[in-house]
Amino acid sequence: MRFLDEAVIEVRSGSGGHGCVSFRREKFIPFGGPNGGDGGRGGDVLVQGSTGLNTLIDYRYQQHFKAKNGQPGSGRDRSGARGKDCVLHVPLGTVILDADTDEVLMDVAQADAPVVLFPGGNGGLGNSRFKSSTNRAPRQFTPGETGIIRRLRLRLKLIADVGLVGLPNAGKSSLLAACTAAKPKIADYPFTTLAPILGVVRVDGDREFVMADIPGLIEGAHEGLGLGDRFLSHVERTKVLVHVIDGTAEDVAASYAIIRHEMESFNPEFVDKPEIVVLNKCDQLEDKEIKAKSRALKKLAKTEIYPISTYSKDGMPAVIAAAFKAVSAPQEE
């Protein structure tokens, strides 16, 4: 299934039905009076999070969604039928924005009951509502309210506990494959990963957390170079970031600085997010090289450095333990 994390659609809630003007005309009832019914309410536009979806591909081929209009009232005080609702099923983590103003309308984080996004219009009143002792044959009625029409932008932000970031070919996909059952594409060329991938890391027993791998970033990604930086939105919700550094790079500190700059350019709040720095591919380095590069990274990152090898899996338990500890720590409001 193709991964799609953004879509623009148009929705319309149902309009209310018009009220009815009617009078009783029955045998042996000379003064029947008004009996026009009310119009039915228009259908609502609702949103429901679904655990069975992980992409917005359904909204790629259909962009218009309409709830049904309410039926008009009729004689004998019969009210019109209510319009059928329109339910938008979206993956968990979807943010719904107004396409014209970028105002956030809803953030779907849980698979609860459907929530009303735009209500349908109220039905109009029939002439029986206007009868009184001084107005026994009213011909007044009210039309139904018009439904709401809005253009929406749907943005999917995957819900994960840990996010992997780094330059292309740093070993993010290899790290995900080494500690989860996920099977990302792994190759010796840049941008192997073209879409975010999720995997579940089982620590022991029933303790686990979700890890997300995103496409690699390059210098200038916030200006549109490479695959851009929009995939960073999928790790905005994570509790901790695992920054994977290619240990075979000549200047590992520069590699770290590039990714930090791109993240801060995308969202300054990334500065305050907990981070685990991993020096990967240490199976290809000598001990003195590992120590020297770890010192250079620690001087810049000001945090503990975890030398690992996703090939031999050396150092992996320590990274998993650190990630689980960060995920389990109480989060500030």
Side-chain angles (χ1 to χ4, degrees), residues 7-50 53 56 58-59 61-90 92 94-154:
V8 177
I9 62 175
E10 182 178 279
V11 299
R12 177 176 181 173
S13 61
S15 299
H18 299 318
C20 174
V21 175
S22 175
F23 295 91
R24 294 181 64 180
R25 290 178 175 83
E26 300 177 41
K27 192 175 182 180
F28 306 121
I29 302 179
F31 303 105
N35 67 347
D38 300 336
R41 179 183 175 85
D44 301 330
V45 175
L46 303 101
V47 176
Q48 183 174 26
S50 175
L53 298 175
L56 296 172
D58 293 339
Y59 299 96
Y61 303 104
Q62 181 181 357
Q63 290 87 33
H64 298 274
F65 298 86
K66 298 180 181 180
K68 297 294 184 181
N69 295 331
Q71 297 298 310
S74 56
R76 299 185 181 180
D77 290 313
R78 289 177 294 187
S79 297
R82 190 185 189 281
K84 185 178 180 181
D85 296 332
C86 173
V87 183
L88 304 176
H89 296 278
V90 297
L92 298 184
T94 300
V95 179
I96 302 177
L97 307 95
D98 187 295
D100 300 317
T101 64
D102 279 339
E103 175 191 0
V104 176
L105 304 177
M106 186 178 294
D107 190 345
V108 184
Q110 297 180 344
D112 296 327
V115 179
V116 176
L117 181 61
F118 299 118
N122 292 321
L125 302 178
N127 66 334
S128 63
R129 295 277 193 170
F130 296 94
K131 66 182 178 182
S132 66
S133 59
T134 58
N135 187 9
R136 298 187 177 185
R139 294 186 176 274
Q140 297 102 313
F141 75 98
T142 57
E145 292 182 353
T146 304
I148 300 173
I149 303 175
R150 298 284 285 274
R151 289 179 65 251
L152 304 178
R153 186 182 304 278
L154 309 182

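By convention here, the first residue in the shown sequence is residue 1. Below, all heavy atoms of this structure are taken into account, side chains as well, without hydrogens, waters or symmetry copies.
Residues Leu152 and Phe118 meet the side-chain proximity criterion, which asks for heavy atoms closer than 4.5 Å. Taking 4.5 Å as the limit, every side-chain heavy atom of Val21 sits out of range of all side-chain heavy atoms of Phe130. When side chains are defined from C-beta on, Phe23 counts as touching Asn127, because their heavy atoms get closer than 4.5 Å. The closest side-chain heavy-atom distance from Asp102 to Arg153 is below 4.5 Å. A heavy-atom distance below 4.5 Å is not found between the side chains of Arg78 and Cys20. For the pair Leu88 and Leu154, the minimum side-chain heavy-atom distance is 4.5 Å or more. Contact of the Ser13 side chain with the Leu117 side chain is not registered, since no non-hydrogen atoms from C-beta on lie closer than 4.5 Å.
The backbone N or O of Gly147 sits less than 3.5 Å from a side-chain atom of Ser15, completing a donor-acceptor pair. Of the possible donor and acceptor atoms, one in the side chain of Ser128 sits under 3.5 Å from a partner among the backbone N and O of Gly36. Although no hydrogens or angles enter the test, the distance criterion places a donor-acceptor pair under 3.5 Å between the side chain of Arg41 and the main chain of Gly120. No donor-acceptor distance shorter than 3.5 angstrom exists from the side chain of Gln71 to the backbone of Gly40, with no hydrogens or angles considered.
Note that the CZ atom of Arg24 and the CZ atom of Arg76 stand 9.5 Å from one another [nearest 0.5 Å]. Between Leu97 atom CG and Arg151 atom CZ the span is 12.0 Å, to the nearest 0.5 Å. Here Ile149 contributes atom CD1 and His64 contributes atom NE2; the two are 11.0 Å apart, rounded to the nearest 0.5 Å. One distance of note links CG of Asp85 with NZ of Lys68; it measures 12.0 Å at 0.5 Å rounding.
Environment of CZ in Arg129: sparse, with no more than 12 heavy atoms of neighbouring residues, nucleotides or ligands closer than 6.0 Å. In this structure, Gln62 places its CD atom where more than 12 heavy-atom neighbours from other residues, nucleotides or ligands lie under 6.0 Å away.
Ion pairing between Arg82 and Asp44 holds under the 4.0 Å rule for side-chain N and carboxylate O.
Nearest heavy-atom pair, Gln63 versus Val8, reported as atom, atom and distance to 0.1 Å: CG-O, 3.5 Å. Leu125 and Asp38 make their closest contact through CA-OD1, 3.4 Å (heavy atoms, listed as atom of the first residue, atom of the second, distance). Considering all non-hydrogen atoms of both residues, Lys131 and Pro34 come closest at CB-CG, 3.7 Å. For Met106 against Val47, the heavy-atom pair with the smallest separation is SD-CB, 3.8 Å. Taking every heavy atom of both residues into account, Ala67 and Gly43 meet most closely at CB-O, 3.4 Å. Between Leu92 and Gln110 the shortest heavy-atom distance is CD2-C, 3.4 Å.
With Leu53 as the fixed residue, the side chain to side chain contact (heavy atoms under 4.5 Å, CB included) test singles out one of Thr94, Asp58, Val90: Asp58.
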| request: Could you go through the side chain to side chain contact (heavy atoms under 4.5 Å, CB included) check for Arg150 and Val45 one step at a time? | output: CA-CA 11 Å; Arg150 298 284 285 274; Val45 175; over 6 Å; no
